[in-house]
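Report on the structure given below.
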Amino acid sequence: MALFEQVSNDIKEAMKAHDKVRLETLRNIKKVFLEAKTAPGANDTLEDADALKILAKLAKQGKESAATFTQQNRQDLADAELAQVSVIEEYLPKQLSEAEIEAVVKEIIAQTGASSIKEMGKVMGVASKQLAGKADGRIISTIVKKLLA
């Protein structure tokens, strides 16, 4: 089942369960999915890979908002954001640990033959594609820099 249909079905389940946080979050996800489907050039389709990118972006934005709210001593708003992030993360693939990311990046460096920091772009291009949705870009970048330095 495609991610779009999964979210639509889960909205119905959240309504039946009277789970307000889950329902609000899923409706927001569906709204963003619909906007992506109807965007120029999308041909009224949304591939799961694109849906995962959208979900990762929403989760990242939620975490950043929660951090901002915490800094401003608004823990109530931060908790609400984090509750929504936890719902979004249910649809994302399991994130890899730093050790797992490092192992993948070492393989990519061996495949590309990169030996200096000047070739970081080549390694990052392959790593970003292989680890899409499974790891944060900043963590990948940090590990690539460390290994090429």
Next item on the list: Quick one: closest heavy-atom pair of Glu98 and Ile139, and the distance?
Entry: CG-CG2, 4.1 Å
Checklist line | Hydrophobic cluster identity match, Leu82 and Val87, side-chain contacts under 4.5 Å | finding: no
Note to self: Please give me the minimum heavy-atom distance between Leu52 and Pro93, naming the atom from each residue.
What the structure shows: CD2-CD, 3.8 Å
Next item on the list: State the CD1-CG distance between Ile143 and Leu148, to the nearest 0.5 angstrom.
Entry: 12.0 Å
Check: Do Arg138 and Ser141 touch side chain to side chain, with heavy atoms closer than 4.5 Å?
Finding: no
Notebook entry, point to check: Is the shortest side-chain N to carboxylate O distance from Asp76 to Arg74 below 4.0 Å?
Noted result: yes
Checklist line | Nearest heavy atoms of Arg22 and Ala14, plus distance in Å | finding: CG-CB, 4.1 Å
Item checked: Set of salt bridge (Lys or Arg N to Asp or Glu O under 4.0 Å) partners for Lys31, sequence neighbours left out -> Glu35
Note to self: Could you measure the distance from the CD1 atom of Ile101 to the NZ atom of Lys106? Nearest 0.5 Å is fine.
What the structure shows: 13.0 Å
Checklist line | Verify same cluster id: Val85, Ile29 (apolar side-chain graph, 4.5 Å) | finding: no
Next item on the list: Look at the side chain of Thr112 and the backbone N and O of Ile108, then say whether any donor-acceptor pair between them is shorter than 3.5 Å.
Entry: yes
Next item on the list: For the pair Asp48 (side chain) and Ala2 (backbone), establish whether a donor and an acceptor sit closer than 3.5 Å, ignoring hydrogens and angles.
Entry: no
Next item on the list: Rounded to the nearest 0.5 Å, what's the gap from NE2 on His18 to NZ on Lys20? Could you check?
Entry: 10.0 Å
Note to self: Is it the case that the side chains of Glu24 and Asn28 hold a donor-acceptor pair, with the cut-off being a distance below 3.5 Å and no angle test?
What the structure shows: no
Next item on the list: Taking only Lys NZ, Arg NE, NH1 and NH2, and the carboxylate oxygens of Asp or Glu, determine whether Lys63 and Glu89 approach each other closer than 4.0 Å.
Entry: yes
Notebook entry, point to check: Distance from Glu102 atom CD to Leu147 atom CG, nearest 0.5 Å?
Noted result: 5.0 Å
Margin query: The test is side-chain hydrogen bond (donor to acceptor under 3.5 Å, both in side chains); show your working for Glu5 and Asn9 and say whether it passes.
Written below: CA-CA 6 Å; Glu5 284 85 29; Asn9 289 340; over 6 Å; no
Item checked: From CD (Gln84) to OG (Ser65), nearest 0.5 Å -> 9.5 Å
Notebook entry, point to check: Does Gln61 CD have over 12 foreign heavy atoms under 6.0 Å away?
Noted result: yes
Notebook entry, point to check: Would you say the side-chain atoms of Gln6 and Asp10 include a donor-acceptor pair closer than 3.5 Å?
Noted result: yes
Note to self: I want to check something: taking the side chain as every heavy atom from C-beta on, are Thr38 and Leu34 in contact at a cut-off of under 4.5 Å?
What the structure shows: no
Checklist line | Single-linkage hydrophobic cluster Leu96~Tyr91, side-chain heavy atoms < 4.5 angstrom | finding: no
Item checked: Gap between atom NZ of Lys30 and atom OG1 of Thr25 - 0.5 Å precision -> 15.0 Å
Next item on the list: Identify which one of Asp50, Val7, Leu92 satisfies the side-chain contact (heavy atoms from CB on, under 4.5 Å) criterion when paired with Leu55.
Entry: Leu92
Next item on the list: Determine the minimum heavy-atom distance between Glu81 and Ala66, stating which atoms define it.
Entry: CB-CB, 4.0 Å
Next item on the list: Linking directly or through intermediates, with side-chain heavy atoms under 4.5 Å: list the remaining ILVMFWY members grouped with Phe69, chain and number order.
Entry: Leu77
Margin query: If you count every heavy atom of other residues, nucleotides or ligands that lies below 6.0 Å from Glu47 atom CD, does the total exceed 12?
Written below: no
Notebook entry, point to check: Between Ile140 and Met124, what is the shortest heavy-atom contact and its length?
Noted result: CG2-SD, 3.8 Å
Checklist line | Ser97 and Glu100: side chain donor to acceptor below 3.5 Å | finding: yes
Checklist line | Ser86 side chain vs Ala83 backbone, donor-acceptor pair below 3.5 Å | finding: yes
